[in-house]
Amino acid sequence: MADKKAQLIIEGAAPVELPILTGTVGPEVIDVRSLTATGRFTFDPGFMSTASCESKITYIDGDQGILLHRGYPIEQLAEKSDYLETCYLLLNGELPNAEQKAKFVGTVKNHTMVHEQLKTFFNGFRRDAHPMAIMCGVVGALSAFYHDSLDIKNPQHREISAIRLIAKMPTLAAMVYKYSMGQPMMYPRNDLSYAENFLHMMFNTPCEIKPISPVLARAMDKIFILHADHEQNASTSTVRLAGSSGANPFACIAAGIAALWGPAHGGANEAVLSMLDEIGDVSNIDKYIAKAKDKDDPFKLMGFGHRVYKNFDPRATVMKKTCDEVLAELGIKNDPQLELAMRLDEIARNDPYFKERNLYPNVDFYSGIILKAIGIPTSMFTVIFALARTVGWISHWKEMLSSPYKIGRPRQLYTGETQRDVKTLETR
Ligand code: SDX
């Protein structure tokens with residue numbers, strides 16, 4: 001892949017030749033691994049210009065608004081595939097045929113239950129604990145139940161851990177919700193699809209088992225697909241870094257959940273609804289647009305902007321379409337939050353400040369409105385994101401461990417004190 005070279009000219013030093021590596025599509029990279037021989041590091045806080053790894057899983061073109069999973073456009077996967085097919089694709093590199101799909105779905109279904117003792121972990125949390133706090137805890141705790149499959153060097157162990165995590169996340173997410181409601185936790189059912197099963201565990205009770213709306217199940221499945229993976233985002237990079245130390249997969253995914261929680265990342269979907277509630281009415285939009293533009297005001301338009309997309313986020317487009325379908329199906333007309341969101345979207349897109357900075361709605365801008373329409377509380381929105389992104393996280397973890405890798409250990413530009421001697425307390 002190295003067919004070109006870059007030359008680094010450093011004053012007073014010999015030029016340094018650095019290979020340029022070319023991928024199948026997208027930007028070339030300058031391989032700086034040999035730079036340490038010059039006694040220098042690259043400096044790139046926030047990794048604005050850094051490719052941390054080589055990957056074959058997901059490709060994003062931020063200028064064109066393109067998102068491909070193993071080469072397939074996200075729009076086509078959302079329309080023509082389903083979440084478990086997308087999981088199979090991300091894990092294995094190809095969409096399954098009917099036989100492969102049936103086997104994979106069957107395997108996932110056989111791992112949806114969690115150990116009965118895991119329920120006792122919940123009792124340590126307050127009922128009003130944030131669902132993401134509980135998810136961080138119980139997902140990490142899964143390590144304590146699977147001593148038989150924690151050898152990360154064993155491909156079979158890596159495979160069964162991936163299946164267990166994909167299969168159990170909906171069960172755990174629903175358990176978190178039921179715990180917050182004080183309702184009995186529901187067991188998974190093998191006669192339901194992945195999304196139907198999740199909605200069953202969320203909203204049914206032992207007293208009444210209602211059929212799951214196929215429209216809501218399809219919308220839920222589509223939301224899972226749209227959140228499945230997104231290249232080297234903050235939480236995926238966290239999972240890769242944790243995995244590079246040899247940590248077990250459950251601990252790595254718990255680290256990814258923690259990183260996703262932040263409002264600049266996966267926590268944005270919850271923050272969008274809080275923002276819409278705070279804005280309250282279309283008449284207040286101008287005031288909040290001004291706040292978003294004010295450098296002295298920490299307020300940002302949640303659900304807007306993206307490190308990579310400097311054009312529309314293709315997921316937001318599909319999400320908006322799904323939003324319209326779900327609200328229409330539920331007979332929800334003129335949903336005030338959707339009206340407010342659409343007006344905010346329209347005003348921001350025509351405002352020079354947002355246009356100059358290429359700030360468009362991202363995946364989180366409309367997702368919350370659908371989730372709320374489905375009946376999911378705002379505090380559970382990021383849990384849904386974590387549930388769906390687990391396959392992306394574990395696919396990158398598997399990809400990294402399937403070929404030679406090194407522990408991730410960045411360096412720094414040190415600007416602190418040079419060496420000095422400790423004075424005794426009396427003389428300080
Ligand atoms: C996700 O990385 C991924 O792939 C993430 C994700 C995934 O699937 O994994 O796509 C999921 O995390 C989506 C993003 C969700 N977050 C939000 O919606 C929170 C609001 N967005 C911002 O916090 C921000 O846009 C980020 C964090 C998403 C991106 O930040 P960057 O790339 O560091 O860009 P920046 O903060 O340097 O912004 C550039 C300029 C700045 O103004 P100037 O200094 O140039 O004058 O744009 C401004 C920013 O102040 N800006 C915003 C803004 N986002 C950026 N101003 C107002 N409102 C915003 N939302």
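The chain is numbered in sequence order, starting from 1.
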Output yes when a side-chain donor or acceptor of H200 lies under 3.5 Å from a complementary backbone atom of P188, and no otherwise. no
So does T112 get a backbone contact from the side chain of T171, meaning a donor-acceptor N/O pair under 3.5 Å? yes
When rounded to the nearest 0.5 angstrom, what is the spacing between CD in Q337 and CG in L344? 12.0 Å
Tell me whether the rings of F145 and H115 are parallel (<30°), tilted (30 to 60°) or perpendicular (>60°). tilted
Considering all heavy atoms, the nearest A254-C136 contact: CB-O, 3.8 Å
Salt bridge (charged side-chain N to carboxylate O under 4.0 Å, His left out) against K101, all qualifying residues, sequence neighbours excluded: D82, E85
Kindly say whether I20 contributes a backbone atom to a donor-acceptor pair with the side chain of K5 at under 3.5 angstrom? no
Salt-bridge criterion met for D324 and K321 (N-O under 4.0 Å): no
Verify the distance criterion only: is there a donor paired with an acceptor across the side chains of S55 and E399 at less than 3.5 Å? yes
Quick one about R411 and T36 (side-chain donor to acceptor, distance below 3.5 Å, no hydrogens or angles considered), yes or no? no
Taking the six-membered ring for Trp, are the ring centroids of Y179 and F125 within less than 6.0 Å of each other? no
Which residues pass the side chain to side chain contact (heavy atoms under 4.5 Å, CB included) test with P131, not counting sequence neighbours? V176, S379, M380, V383
Evaluate the criterion ring-ring contact (aromatic ring centres under 6.0 Å, His included) for residue pair H230 and Y309; output intermediate values, then yes/no. CA-CA 11 Å; H230 211 239; Y309 290 120; 5.3 Å; yes
Salt-bridge contact R218-E329 (side-chain N to carboxylate O under 4.0 Å): no
Check step by step if salt bridge (charged side-chain N to carboxylate O under 4.0 Å, His left out) holds for D364 and K300. CA-CA 14 Å; D364 294 306; K300 284 201 186 294; over 6 Å; no
Would Y366 and D345 count as having a side-chain donor-acceptor pair, cut-off 3.5 Å? yes
Mutual orientation of the aromatic rings belonging to F203 and Y177 [parallel < 30°, tilted 30-60°, perpendicular > 60°]: perpendicular
Distance-only, no hydrogens or angles: does the R307 side chain make a donor-acceptor pair with backbone N or O of G46 under 3.5 Å? yes
Using 30° and 60° as the class boundaries, would you call the ring planes of F385 and H265 parallel, tilted or perpendicular? perpendicular
Does K178 reach the side chain of F122, with side-chain heavy atoms less than 4.5 Å apart? no
If we count only N and O atoms by modelled type, under 3.5 Å, do the side chains of N248 and S143 hold a donor and an acceptor together? yes
I would like to know whether D229 and T58 meet side chain to side chain donor-acceptor pair (under 3.5 Å); could you show each step before the answer? CA-CA 7 Å; D229 188 52; T58 289; 2.5 Å; yes
Just one of V391, I57, L90 clears the side chain to side chain contact (heavy atoms under 4.5 Å, CB included) bar with H396, so which one? I57
Between Q156 and D151, is there a side-chain donor-acceptor contact under 3.5 Å, judged purely by atom types and distance? no
Y88 and F104 aromatic ring geometry - parallel, tilted or perpendicular at 30°/60° bounds: perpendicular
